[in-house]
S.K.: 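The following block contains the structure, expressed as structure tokens.
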Amino acid sequence: MKIWVDADACPVVIKEILFRAAARTQIETTLVANQPIRIPPSPFIKMQQVSQGFDVADNEIVKRIEPGDLVITSDIPLADEVIEKGGHALSPRGELFTPDNIKARLNMRDFLDTMRSSGVDTGGPPALNKSDRMAFANHLDKLLIQ
């Protein structure tokens, strides 16, 4: 298993959890972003910078993952592609995307996107809180133990 991080929008606190997990488990972890991201010195943690553009980082992740890899992302379409390729997708809030829940999440995302494009303010997600971080860490540990 390798860990891939959709790093442009990944909260710093989640990256720190991932850095500790990579060091502890010695699992290769690659942050993919269209801007430089600071990473600690480690043979297990890498940063791959991609060019600017819509979905460039997502497309790079999809191109490189293999079945069984884990992708950290809050991007629902990316999570869907990861699952279709046999990977695991986990949001920074600790939500594990699965074949059983991803289509419903895609439908809700598309519905909210339609609402926003017609001028309805749907609000954004609440700030990441302690229970979100705990849920993320717990799901991450379960996946890394498998």
Side-chain angles (χ1 to χ4, degrees), residues 1-40 42 44-117 122-146:
M1 171 192 278
K2 292 180 182 176
I3 299 173
W4 300 91
V5 184
D6 183 8
D8 284 317
C10 187
V12 172
V13 67
I14 298 303
K15 290 176 195 163
E16 290 170 356
I17 292 169
L18 289 164
F19 296 155
R20 288 191 300 273
R24 184 180 75 244
T25 61
Q26 299 184 351
I27 292 177
E28 183 179 314
T29 300
T30 304
L31 286 77
V32 181
N34 57 27
Q35 59 189 357
I37 295 191
R38 295 179 66 132
I39 59 172
S42 168
F44 307 107
I45 302 169
K46 299 175 182 173
M47 194 287 156
Q48 180 178 357
Q49 186 173 349
V50 296
S51 61
Q52 297 283 334
F54 185 72
D55 285 344
V56 175
D58 297 357
N59 294 338
E60 184 66 21
I61 291 170
V62 169
K63 182 173 84 174
R64 297 187 61 193
I65 67 164
E66 296 180 10
D69 284 357
L70 171 61
V71 175
I72 309 303
T73 185
S74 56
D75 185 299
I76 306 299
L78 173 57
D80 184 44
E81 289 186 80
V82 167
I83 290 167
E84 285 182 14
K85 286 192 76 172
H88 305 282
L90 179 63
S91 83
R93 294 184 178 276
E95 179 180 7
L96 182 62
F97 300 111
T98 67
D100 295 331
N101 70 15
I102 193 65
K103 297 304 180 195
R105 295 286 291 140
L106 268 173
N107 288 337
M108 180 57 74
R109 176 206 171 268
D110 292 344
F111 172 73
L112 291 173
D113 193 42
T114 300
M115 297 288 289
R116 283 188 292 274
S117 66
T122 60
L128 197 72
N129 62 37
K130 192 174 187 174
S131 65
D132 294 329
R133 292 189 302 268
M134 184 70 77
F136 176 81
N138 288 340
H139 269 114
L140 179 65
D141 283 343
K142 286 177 190 174
L143 289 165
L144 297 179
I145 290 171
Q146 291 180 355

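Just so it is clear, the values below take in all heavy atoms, side chains as well, and ignore hydrogens, waters and symmetry mates. In this text the structure is predicted, and so the values were computed from the model without any measurement.
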S.K.: About how many Å separate CZ of Phe54 and CG of Asn59, when rounded to the nearest 0.5 Å?
M.R.: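 The CZ atom of Phe54 is 9.0 Å from CG of Asn59, to the nearest 0.5 Å.
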S.K.: Looking at Arg64 and Glu81, does any basic side-chain N land under 4.0 Å from a carboxylate oxygen?
M.R.: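 Salt bridge absent between Arg64 and Glu81.
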S.K.: Quick check: closest heavy atoms across Gln35 and Met47, and the distance to 0.1 Å?
M.R.: O-CE, 3.1 Å
S.K.: CG of Leu78 to CD1 of Ile65: how many Å apart, nearest 0.5 Å?
M.R.: 7.5 Å
S.K.: Whether the side chain of Asn101 engages the backbone of Leu96 through a donor-acceptor N/O pair (distance < 3.5 Å, no angle test) should be reported.
M.R.: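 Looks like yes, one N/O pair under 3.5 Å.
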S.K.: With a cut-off of 3.5 Å and sequence neighbours excluded, list every side-chain donor-acceptor pair involving residues 133-140.
M.R.:
{"residue": "Asn138", "atom": "ND2", "partner": "Met134", "partner atom": "O", "Å": "3.3"}
{"residue": "His139", "atom": "ND1", "partner": "Gly94", "partner atom": "O", "Å": "2.7"}
{"residue": "His139", "atom": "ND1", "partner": "Ala135", "partner atom": "O", "Å": "3.4"}

S.K.: How close do Pro99 and Ile83 get, counting heavy atoms only, and between which atoms?
M.R.: CG-CG2, 3.8 Å
S.K.: Any side-chain to backbone donor/acceptor pair from Lys2 onto Thr30? Under 3.5 Å, distance only.
M.R.: no
S.K.: For a quick test of reading the model, state the closest non-hydrogen atom pair linking Ala22 to Thr29 and the distance between them.
M.R.: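 Here Ala22 and Thr29 meet closest at CB-OG1, 3.4 Å.
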S.K.: Scan side-chain atoms only and decide if Asp75 and Thr73 contain a donor-acceptor pair under the 3.5 Å cut-off.
M.R.: no
S.K.: Nearest heavy-atom pair of Ile37 and Ala33: which atoms, and what distance?
M.R.: CD1-CB, 3.6 Å
S.K.: Please, which pairs that meet side-chain hydrogen bond (donor to acceptor under 3.5 Å, both in side chains) have at least one residue in residues 87-97, sequence neighbours excluded?
M.R.: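 Output for this query lists Arg93-Asp132, Glu95-Arg105.
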S.K.: Would the distance check show the side chain of Gln52 and the main-chain N or O of Asn34 forming a donor-acceptor pair, the cut-off being under 3.5 Å?
M.R.: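 Side chain of Gln52 to backbone of Asn34, a donor-acceptor pair under 3.5 Å: yes, one is there.
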S.K.: Supply the atom-to-atom distance Asp113 CG to Ile76 CD1, rounded to the nearest 0.5 angstrom.
M.R.: 12.0 Å
S.K.: Heavy-atom distance under 4.5 Å between the side chains of Leu31 and Phe19, does that happen here?
M.R.: yes
S.K.: State which residues pass side-chain hydrogen bond (donor to acceptor under 3.5 Å, both in side chains) with Arg24; sequence neighbours excluded, sorted by chain then number.
M.R.: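 With sequence neighbours excluded, Arg24 shows a side-chain hydrogen bond (donor to acceptor under 3.5 Å, both in side chains) to Asp141, given in chain and number order.
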S.K.: If we only count heavy atoms from C-beta on, is the Ile3 to Leu144 side-chain gap below 4.5 Å?
M.R.: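 Yes - at least one pair of side-chain heavy atoms lies under 4.5 Å apart.
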S.K.: Could you check if a side-chain atom of Lys15 sits within less than 4.5 angstrom of a side-chain atom of Ile72, using non-hydrogen atoms only?
M.R.: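 A side-chain contact under 4.5 Å is absent here.
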S.K.: Which heavy atom in Leu128 sits nearest to a heavy atom in Pro92, and how many Å separate them?
M.R.: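 Taking Leu128 first and Pro92 second, the nearest heavy atoms are CD1-O, 3.8 Å.
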S.K.: Rounded at 0.5 Å granularity, tell me how far NZ in Lys85 sits from NZ in Lys63.
M.R.: 10.0 Å
S.K.: For the residue pair Val56 and Ser51, what are the closest heavy atoms and their distance?
M.R.: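 The pair with the smallest heavy-atom distance is CG1-O, 3.4 Å.
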